[in-house]
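In listed order, ligands and their atoms are each counted from 1. Remember, it's a predicted structure, so these values are computed and weren't measured experimentally.
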Amino acid sequence: MASTAEHITAMVRSHAAGDDAAFYSVALQVAAREAKQGHHVLAGDIKKAVDSSRQRTPLGAVTSMAQPRGELAELVEETHAKVSLRQLVAPADLVLQIKQVIAEQRQRKNLLEHGFAPAHRLLLEGPPGTGKTMTATVLATELSLPMITVRLDGLLSKFMGETASKLRLVFDAVARNRAVYLFDEFDALGADRSGNDVGEARRILNSFLMFLEEASPESIVLAATNHRSILDKALFRRFDAVLTYDLPDTRQAVAVMKARLGSLVTGTSLAKLGEYTNGLSHAELVKASESAAKVALMRGESHVDREDLITALRSRRTASLG
Ligand SMILES: Nc1ncnc2c1ncn2[C@@H]1O[C@H](COP(=O)(O)OP(=O)(O)OP(=O)(O)O)[C@@H](O)[C@H]1O
Ligand SMILES: [Mg+2]
């Protein structure tokens, strides 16, 4: 039987790793040992403590990465927004690609049993504010998985060895805790950001690609970037799918505004606004809609008219182009 010291060591390790299951399991081993020695009250107390703290774990925590701790906590951030696929305004083929990933992930057991990996490594590329981060949230929501954003600034270090060991930490989590992992501003990995020379940056990127190659298909790893052109084309092959985002066309622009404004624009004609929406991203259209809504509401009205929208869109465009 393990000694008290061994139990304590195991508990400290699992605590540091944020591995609640292992932590409780060691606690229960201690309870069992106490019971064997005739300390039934003490054993009962330990069991009760384990049961009640297990119940306190928040909803959905079964799949959740038990609060990342230690070094990992500085590298990742868990977010809890919920967004359904219906809310994403995107061309049909992009929606299909996302649906395919969701379907493959839902059927992953079936696929893996037959030696096929579900799509789990995706490159998301396109201009700012067009739905890349939103897609990560959609995947997490649709698959009821936690969404984990990897902080690249925390990851990058002047020392290659350090960056590689941090990457290893993140990819260990990818294997252990099923979730959607988003490497935002992914291009920074392959660019010179921390005073490294180009060769060093290249090695960091290669080390990422090595981990990606072996990444567990249980989790989804997303790499997002605004700069398609600076990425090496050979890189695209390393992903199971490349999702391309673009600025919305007029019809999509109207859909974004309608979705944000809801009943505030019932009856308002949103036709022929292309001249004003052209060049704006989805995110900017959401912001313009919000300004228009506030103006109308503060005027004491519960309706946004066409002129409100045009004014807001105009000033967004000036801001974004200027
Ligand atoms: N395709 C879209 N459909 C509907 N809303 C969108 C879409 N894209 C962006 N939005 C809105 O804009 C917000 C910001 O978008 P998001 O963070 O996904 O952009 P991004 O592509 O990740 O941009 P960046 O490259 O700057 O990180 C979203 O939370 C959502 O409100
Ligand atoms: Mg983003």
Where the side chain of R178 meets the backbone of E218, is there a donor-acceptor pair that is under 3.5 Å apart? yes

Keeping E77 on the side-chain end and T149 on the backbone end, is there a donor-acceptor pair under 3.5 Å? no

Could you check whether K132 pairs with D184 (Lys NZ or Arg NE/NH1/NH2 to Asp/Glu carboxylate O, under 4.0 Å)?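 Salt bridge absent between K132 and D184.
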
Looking only at distances, please establish whether an N/O atom of ligand 1 is found under 3.5 Å from an N/O atom of [X].
X: G129; value: yes
X: T130; value: yes
X: G131; value: yes

Which atom pair, heavy atoms only, marks the closest approach of [X] to [Y]?
X: T137; Y: V83; value: CG2-CG2, 3.8 Å
X: L285; Y: P248; value: CD1-CG, 3.7 Å
X: F183; Y: L152; value: CD2-CD2, 4.1 Å

Could you verify whether a donor N or O on one side chain and an acceptor N or O on the other, from [X] and [Y], lie under 3.5 Å apart?
X: T135; Y: Y245; answer: yes
X: S219; Y: H120; answer: no
X: T244; Y: E125; answer: yes
X: E113; Y: N110; answer: no

To which protein heavy atom is [atom] closest, and what is the distance rounded to 0.1 Å?
atom: atom 7 (C) of ligand 1; answer: H282 CB, 3.2 Å
atom: atom 18 (O) of ligand 1; answer: M134 N, 2.9 Å
atom: atom 14 (C) of ligand 1; answer: A283 CB, 3.9 Å
atom: atom 31 (O) of ligand 1; answer: V286 CG2, 4.0 Å
atom: atom 3 (N) of ligand 1; answer: V89 N, 2.8 Å
atom: atom 27 (O) of ligand 1; answer: T133 OG1, 3.9 Å

Can you confirm whether something in the protein, heavy atoms only, sits under 4.0 Å from atom 29 (O) of ligand 1?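 Given the 4.0 Å limit, the answer for atom 29 (O) of ligand 1 is no, no protein heavy atom qualifies.
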
Run the contact test for E185 against ligand 1 with a 4.0 Å cut-off on heavy atoms, strictly below, and give the result. no

Classify the contact between L88 and ligand 1 as side chain, backbone, both or neither, using a heavy-atom distance cut-off of under 4.0 Å. both

Please work out whether any backbone atom (N, CA, C, O) or any side-chain heavy atom from C-beta onward of P128 is under 4.0 Å from ligand 1, and answer side chain, backbone, both or neither.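 P128 to ligand 1: contacts from backbone and side chain alike.
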
Taking a hydrophobic cluster as the set of Ile, Leu, Val, Met, Phe, Trp and Tyr residues connected by side-chain heavy atoms closer than 4.5 Å, whether directly or through intermediates, do L182 and I102 fall within one such cluster?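 Linked, L182 and I102 end up in one cluster.
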
Taking 2.8 Å as the cut-off, does T133 contribute an N, O or S atom near the Mg ion (ligand 2), distance below it?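 Yes.
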
Residue [X] vicinity, atoms of ligand 1 by number, heavy atom under 4.0 Å:
X: N226; result: 25 (O)
X: Q87; result: 3 (N), 4 (C)
X: K132; result: 18 (O), 20 (P), 21 (O), 22 (O), 23 (O), 24 (P), 25 (O)

